[in-house]
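Numbers here are sequence positions counted from 1.
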Amino acid sequence: MSSVATDPGPSPAPIVSQRVADLQPEGSAIRCLFSDGTSLTISRFLAGFVHVSDEIEFDSTATDPNRELHILQSASRRPREIYSALIGYVTQPKPDKRGQYFVRAAVTGSRLGARHIHLPSAAVRDYFYFSNRRRPGCEEQTLFDLLGTVPSAGPVDLRLALKVRLLELQTDAASKDRSRTVERAFNLLARPDLRSCYQALLRDPDAPALFPYGGFGALLVAGELSQDRETFFAKTILSFLPDRRQRQFRAPLRKVEFFDGHAVYRDSRRKAEVILDQISLPLAFDPTWNQWRHLISTKFGVEATFVKSGKYRFRNGEWCLVDWETALPSRLRIILPSDTQEVLATARKTYHRFGEFYDAIQNIRLRLEREPLERAELTRMCDECRIPSDFDIAQISWKPDYDSFYYNQLRKRTRKLFLFRDEYIFELEHATVVEVPQQGHATYVFSRPANLDQWVRAYARAAKDDIRQNRGNAAEQLGFLGRVMHGRNPRSWLRALRAKIGEPVDYSLAVEETP
């Protein structure tokens, strides 16, 4: 039976419980004066839930006591307890013993002893999905009504509706709160999983409600702390502020998965996810693009506000939480290179050629399994099979996750190129380099031999492990100089490669891309 890896957290600190004697404005905050003469400064928003004679529990030794507060209100007409804390991952909805759905949020870095916040599905539903219904006259208003569109609207229709509504609100000089409400509605409906959840709640308000984007942020709830102080049973969500930050980077278009009406970019290295439509990604894509997207060599720019999220992965016999970040659809900007259409046309044509000359290419693959072939010989074979000359036979070894940057950098330095099995063998000016066109592999660098043809055949008889371990003197005989790992940043790889092959190193290439 598998186990879920959890963070036991630090040992609870001594809890200070102070009674509020007075509340005094202090700039943009409020100072709570306690009966013993000490004080605590809190935000004006949080101060709206605190009154004279209430008690506040916190850790006075913490660097920032405001990270976790437990407020016990004295007036019976208001919620009895309020809890403010930073949360991590929020679980998927599941039913309790009475069949009512709930989610559980993990409290991060708790100093008051609480480990979890229990959130009934109704509380999640009312705060995130039905919050617009609290305004007078909007009791039956849906998020589609709020955006001025219909429930059957597709991803493009939703984004157009958002643009129109924000322009209308700007013309009417509406409050920022109105604009944020419209933006939140779009961010829920633009994600297929959250939209599906919302439409299920419209049909049945008691359906399970997903906590949007998986949690991670500052949560303020009203409810009751359990007797063992490990769980806060919330009745109402008062506020949630997700962890978020601005990010910009260049992403390979080949990593975008295309669906009907939307697309998804996921990158396990960057731990980033972006939902795209045909306005944010202005291409007339459809699901058939997935057949040849691995041949697309271009990258697109991403600028967005990302919120922290999380995914569980099964590793080493247990479930481990991996931090991810998801782009808010409303705060997304995509920049396509000017030659994108040309690159797409080339990739589509290459895929077509692979199918058109499938049998001939398979025969070439079988021969490459037995012996290395120089590029000129491969070109001659293609001519005999009447494969058009603009077809790049070298791409037959590419895997879908391979970044063409590595190949292009080696190709432009090459005097002679061999293909063997699923590898490239490049003859450079001062070295010989072996490259596997697949993510996660390393580039092998060897000294340049006197006779390349003989060296290639000797290399074909050696295993990679033999070379690394110098088993049977394989590394010595082949002149092995070492490996250069692909890594996260291709420019770091290029800097290391240039040092290995004896080129002058441009140290500006060591600068990492913005994560």
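In terms of heavy atoms, Pro329 sits closest to Arg159 at O-NH2, 3.0 Å. Residues Val52 and Leu23 come closest through the heavy atom pair N-CD1, 4.5 Å. Taking every heavy atom of both residues into account, Trp493 and Met485 meet most closely at CD1-O, 3.4 Å. Nearest heavy-atom pair across Pro25 and Ile30 is CA-CD1, 3.6 Å. Of all the heavy atoms in Ala123 and Ile237, the pair that sits closest is O-CD1, 3.9 Å. Pairing each heavy atom of Pro337 with each of Thr298, the nearest pair is CG-OG1, 3.3 Å.
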Take Phe58 and Ile71 through the side-chain contact (heavy atoms from CB on, under 4.5 Å) test and state the conclusion after the steps. CA-CA 9 Å; Phe58 61 96; Ile71 303 168; over 6 Å; no
Set out, in order, the CA-CA distance, both residues' side-chain angles and the distance that settles side-chain contact (heavy atoms from CB on, under 4.5 Å) for Arg104 and Lys94, then state yes or no. CA-CA 9 Å; Arg104 177 172 289 182; Lys94 58 182 179 181; over 6 Å; no
Start with the C-alpha distance between Arg19 and Glu55, add both sets of side-chain angles, then the distance that settles salt bridge (charged side-chain N to carboxylate O under 4.0 Å, His left out), and finish with yes or no. CA-CA 4 Å; Arg19 186 172 297 278; Glu55 290 186 25; 2.5 Å; yes
May I have the step-by-step check of side-chain contact (heavy atoms from CB on, under 4.5 Å) for Lys500 and Thr443, ending in yes or no? CA-CA 11 Å; Lys500 286 280 188 188; Thr443 303; over 6 Å; no
Determine, step by step, whether Glu168 and Arg165 satisfy the salt bridge (charged side-chain N to carboxylate O under 4.0 Å, His left out) criterion, reporting the C-alpha distance in whole Å, the side-chain angles of both residues, the deciding distance to 0.1 Å, and the verdict. CA-CA 5 Å; Glu168 290 174 348; Arg165 285 294 293 133; 2.8 Å; yes
Salt bridge (charged side-chain N to carboxylate O under 4.0 Å, His left out) for Asp267 and Arg269? Distances and angles first, verdict last. CA-CA 5 Å; Asp267 191 328; Arg269 290 189 174 185; 6.0 Å; no
Take Phe216 and Val307 through the side-chain contact (heavy atoms from CB on, under 4.5 Å) test and state the conclusion after the steps. CA-CA 8 Å; Phe216 295 92; Val307 293; over 6 Å; no
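Of the inter-residue distances, the one linking Tyr351 atom OH with Arg348 atom CZ reads 12.0 Å to the nearest 0.5 angstrom. With rounding to the nearest 0.5 Å, the separation of CZ in Arg195 from CG in Asn187 is 14.0 Å. To the nearest 0.5 Å, the span separating CG on Leu119 from CZ on Arg125 amounts to 13.5 Å. Atom CG in Leu219 sits 8.0 Å away from atom OG in Ser239 (nearest 0.5 Å). In this structure, OG in Ser268 is found 6.0 Å from NZ in Lys255, a value given to the nearest 0.5 Å. Atom CZ of Arg498 and atom CD of Gln409 lie 8.5 Å apart (nearest 0.5 Å).
Side-chain contact of Asp145 with Thr142: a donor-acceptor pair under 3.5 Å is present, judged by distance alone. For the residue pair Glu273 and Tyr213, no side-chain donor N or O sits within less than 3.5 Å of a side-chain acceptor on the partner. For the residue pair Ser175/Asp177, the side-chain donor-acceptor check at 3.5 Å is not satisfied. Looking at Arg31 and Ser39, their side chains do bring a donor and an acceptor atom within 3.5 Å of each other. Between the side chains of Glu435 and His486, at least one donor N or O lies within less than 3.5 Å of an accepting N or O.
Without hydrogens or angle criteria, Tyr265 side chain to Val302 main chain gives no donor-acceptor distance under 3.5 Å. Looking only at distances, a side-chain donor or acceptor of Ser280 sits under 3.5 Å from a matching main-chain atom of Asp277. Side-chain atoms of Glu183 never come within 3.5 Å of backbone atoms of Ser330 as a donor-acceptor pair (strictly under, hydrogens ignored). No donor-acceptor pair closer than 3.5 Å links the side chain of Asp206 to the backbone N or O of Gln100. Gln73 contributes a side-chain N or O that, together with a main-chain N or O of Phe49, makes up a donor-acceptor pair within less than 3.5 Å. Side-chain N or O atoms of Thr305 include none that pairs as donor or acceptor with a backbone N or O of Leu328 at under 3.5 Å. Panel note: side chain Asp96, backbone Phe102; no donor-acceptor pair is recorded below 3.5 Å. A donor-acceptor contact shorter than 3.5 Å links the side chain of Thr171 to the backbone of Leu167. Between the Arg80 side chain and the Glu224 main chain, no donor and acceptor come within less than 3.5 Å of each other.
Atom CG of Asp260 sits in a sparse spot, with 12 or fewer heavy atoms from other residues, nucleotides or ligands closer than 6.0 Å. The 12-atom threshold is not exceeded at NZ of Lys235, counting heavy atoms of other residues, nucleotides or ligands nearer than 6.0 Å. Annotation for Arg184: atom CZ counts as buried by contact number, over 12 foreign heavy atoms lying within 6.0 Å.
Ring orientation note: the planes of Phe232 and His70 are nearly perpendicular, at an angle over 60° on the 30°/60° scale. Ring-plane geometry between Phe258 and Phe285 is classed as tilted, the angle between the planes lying from 30 to 60 degrees on a 0 to 90 degree scale.
For the pair Leu336 and Pro282, the minimum side-chain heavy-atom distance is below 4.5 Å. Phe144 is listed as a side-chain neighbour of Tyr198, based on a closest heavy-atom distance under 4.5 Å. Side-chain contact between Gln92 and Leu210 is present, with heavy atoms from C-beta onward closer than 4.5 Å. Contact check for Arg67 versus Arg111: no side-chain heavy atoms found under the 4.5 Å cut-off. Side-chain atoms of Leu253 and Leu283, non-hydrogen and from C-beta on, do get closer than 4.5 Å to each other. Between Val103 and Ser121, the closest side-chain pair of non-hydrogen atoms is not below 4.5 Å. Looking only at side-chain heavy atoms (C-beta outward), Asp323 and Lys271 stay at 4.5 Å or farther from each other. Counting only heavy atoms from C-beta outward, the side chains of Leu40 and Gln18 never approach each other to under 4.5 Å.
Applying side chain to side chain donor-acceptor pair (under 3.5 Å) to Glu325 and the options Arg270, Lys308, Arg245 leaves one that passes, Arg245. Under the side chain to side chain donor-acceptor pair (under 3.5 Å) rule, Ser110 has a single partner from Arg115, Glu68, His116, which is Glu68.
Aromatic ring centres of Phe211 and Phe240 lie closer together than 6.0 Å.
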